[in-house]
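A quick write-up on the structure given underneath.
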Amino acid sequence: RVVAKLEACFAECDAARIPTGYYGANWGHVPATGDYRGWAERPLWVAQYDGVPDLDVFMRFGGWTVANAKQYANTHTEAGITIDSNVQRV
């Protein structure tokens, strides 16, 4: 069911030529989709709160072998500001 809904969203965006990617994590994607691999050509922003700001360090899932961005720390406070910590390929 999740796969069908996201497929419809991606198809609509593709038809309108709106670029898309996928934000997710092994721990959410696998149970929700059965490790569906049909979106692996889309850029991945992986949520892996391991404290490691390295795009090459993430649990593989869904056919992705490269992450374009990584959220390596969930919401926390730094210098009095609430943030999420991320790295991204440029």
Side-chain angles (χ1 to χ4, degrees):
R1 194 169 179 194
V2 170
V3 171
K5 285 184 179 185
L6 282 174
E7 283 289 344
C9 290
F10 283 138
E12 193 168 320
C13 289
D14 291 347
R17 296 187 178 193
I18 298 169
T20 60
Y22 186 84
Y23 175 83
N26 179 290
W27 48 264
H29 178 85
V30 173
T33 70
D35 202 24
Y36 182 72
R37 295 172 176 262
W39 306 315
E41 78 283 354
R42 298 184 188 275
L44 173 65
W45 180 0
V46 65
Q48 183 163 313
Y49 315 131
D50 57 5
V52 180
D54 185 336
L55 291 167
D56 295 323
V57 178
F58 73 96
M59 290 181 67
R60 304 307 195 253
F61 65 94
W64 282 282
T65 58
V66 173
N68 294 76
K70 177 182 177 183
Q71 183 179 352
Y72 63 90
N74 202 359
T75 305
H76 60 284
T77 302
E78 242 180 76
I81 301 170
T82 303
I83 63 169
D84 293 338
S85 295
N86 300 271
V87 290
Q88 180 179 358
R89 289 190 200 280
V90 291

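- When side chains are defined from C-beta on, Asp14 counts as touching Arg42, because their heavy atoms get closer than 4.5 Å.
- Two residues are said to be in side-chain contact when any heavy atoms from C-beta on lie closer than 4.5 Å; Phe61 and Leu44 meet this criterion.
- By the 4.5 Å side-chain criterion applied to Ile, Leu, Val, Met, Phe, Trp and Tyr, Trp45 is assigned to a cluster that also includes Tyr23, Trp27, Tyr49.
- Closest approach of Val3 and Trp39 over heavy atoms only: O-CZ2, 3.8 Å.
- Following chains of ILVMFWY side-chain contacts shorter than 4.5 Å, one cannot reach Val66 starting from Trp64, and the two form parts of different hydrophobic clusters.
- No single ILVMFWY cluster, assembled from side-chain heavy atoms under 4.5 Å apart, contains both Tyr72 and Tyr22.
- The two residues Ala47 and Ala25 come nearest to each other via the heavy atoms O-CB, 3.0 Å.
- Taking CZ from Arg60 and CG from Asn26, the interatomic distance works out to 11.0 Å, rounded to the nearest 0.5 Å.
- Side-chain contact between Ile83 and His76 is present, with heavy atoms from C-beta onward closer than 4.5 Å.
- Side-chain atoms of Asp84 and Asn74, non-hydrogen and from C-beta on, do get closer than 4.5 Å to each other.
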Table please: side-chain donor-acceptor pairs of residues 52-59 below 3.5 Å, with sequence neighbours left out.
{"from": "Asp54", "atom 1": "OD1", "to": "Asp56", "atom 2": "N", "distance (Å)": "2.8"}
{"from": "Asp56", "atom 1": "OD1", "to": "Arg89", "atom 2": "NH2", "distance (Å)": "3.1"}

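- The side-chain contact (heavy atoms from CB on, under 4.5 Å) check on Glu12 picks up nothing, with sequence neighbours excluded.
- Considering only heavy atoms from C-beta on, Gln71 stays 4.5 Å or farther from Val46 through its side chain.
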